[in-house]
Amino acid sequence: MKETYKDLDDLLNRNPKAKTFWDTLPEDRQFNVRQYQNNIHYDVDLRRYADHLLRGGY
C-alpha cells in the first residue's frame with residue numbers, strides 16, 4: 001500500500017523522489033500546484049496536478 005501524506009509539504013519533506021520531481025518543475029508550475037496542496041496525499045497526486053497544469057488546466 002502506498003504511503004499517505006498529510007499534504008504537499010509533508011510529501012516533499014518525507015519523499016525524496018517527490019522532492020526531486022518538485023525541484024524540476026518551473027517556479028510558476030510550483031506556485032500553481034501549491035493552490036492544491038491540501039489535496040495532495042500521494043506522490044502520484046503531485047504528478048497528476050503538475051501534468052494537468054502543464055496541459056493548461058487550472
Side-chain angles (χ1 to χ4, degrees):
M1 182 172 208
K2 287 194 168 241
E3 185 164 359
T4 303
Y5 300 92
K6 178 182 162 199
D7 57 18
L8 176 61
D9 289 325
D10 187 37
L11 171 66
L12 296 177
N13 287 327
R14 297 189 316 142
N15 185 316
K17 286 177 102 175
K19 176 69 167 114
T20 298
F21 174 74
W22 175 259
D23 290 341
T24 68
L25 294 175
E27 212 171 284
D28 61 329
R29 188 136 9 118
Q30 288 181 3
F31 176 81
N32 290 331
V33 169
R34 282 216 173 266
Q35 306 306 307
Y36 304 97
Q37 69 183 16
N38 291 328
N39 298 328
I40 298 174
H41 303 287
Y42 301 95
D43 55 346
V44 70
D45 293 338
L46 170 58
R47 292 177 186 278
R48 283 185 186 148
Y49 278 109
D51 184 50
H52 176 72
L53 293 168
L54 175 65
R55 290 191 256 156
Y58 294 96

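Excluded from the calculations below are hydrogen atoms, water molecules and symmetry mates; all remaining heavy atoms, backbone and side chain alike, are included.
Remark: side-chain polar atoms of Asp45 are paired, donor with acceptor, to backbone N or O of Tyr42 under 3.5 angstrom.
Rounded to the nearest 0.5 angstrom, Ile40 CD1 and Arg47 CZ are separated by 12.0 Å. Atom CG of Leu11 is separated from atom NE2 of His41 by 10.5 Å, given to the nearest 0.5 angstrom. To the nearest 0.5 Å, the span separating CD on Gln37 from NZ on Lys6 amounts to 10.0 Å. For the atom pair His52 NE2 and Tyr36 OH, the distance stands at 5.5 Å (nearest 0.5 Å).
Taking the salt bridge (charged side-chain N to carboxylate O under 4.0 Å, His left out) definition, one finds that Asp51 meets it with Arg55, sequence neighbours left out.
Side chains of Tyr49 and Leu8 form no contact here, defined as non-hydrogen atoms less than 4.5 Å apart. Using a 4.5 Å cut-off on side-chain heavy atoms (C-beta onward), Val33 and Leu53 make contact. Proximity of Asp43 to Leu46: side-chain heavy atoms (C-beta onward) are nowhere separated by under 4.5 Å.
Across all non-hydrogen atoms, the minimal contact from Phe21 to Thr24 is O-OG1, 2.6 Å. Taking both residues in full, the closest heavy atoms of Asp7 and Asp10 are given as OD1-N, 2.9 Å, listed atom of the first, atom of the second, then distance.
The salt bridge (Lys or Arg N to Asp or Glu O under 4.0 Å) contacts involving residues 27-39 comprise Asp9-Arg34, where partners must be two or more places apart or lie in separate chains.
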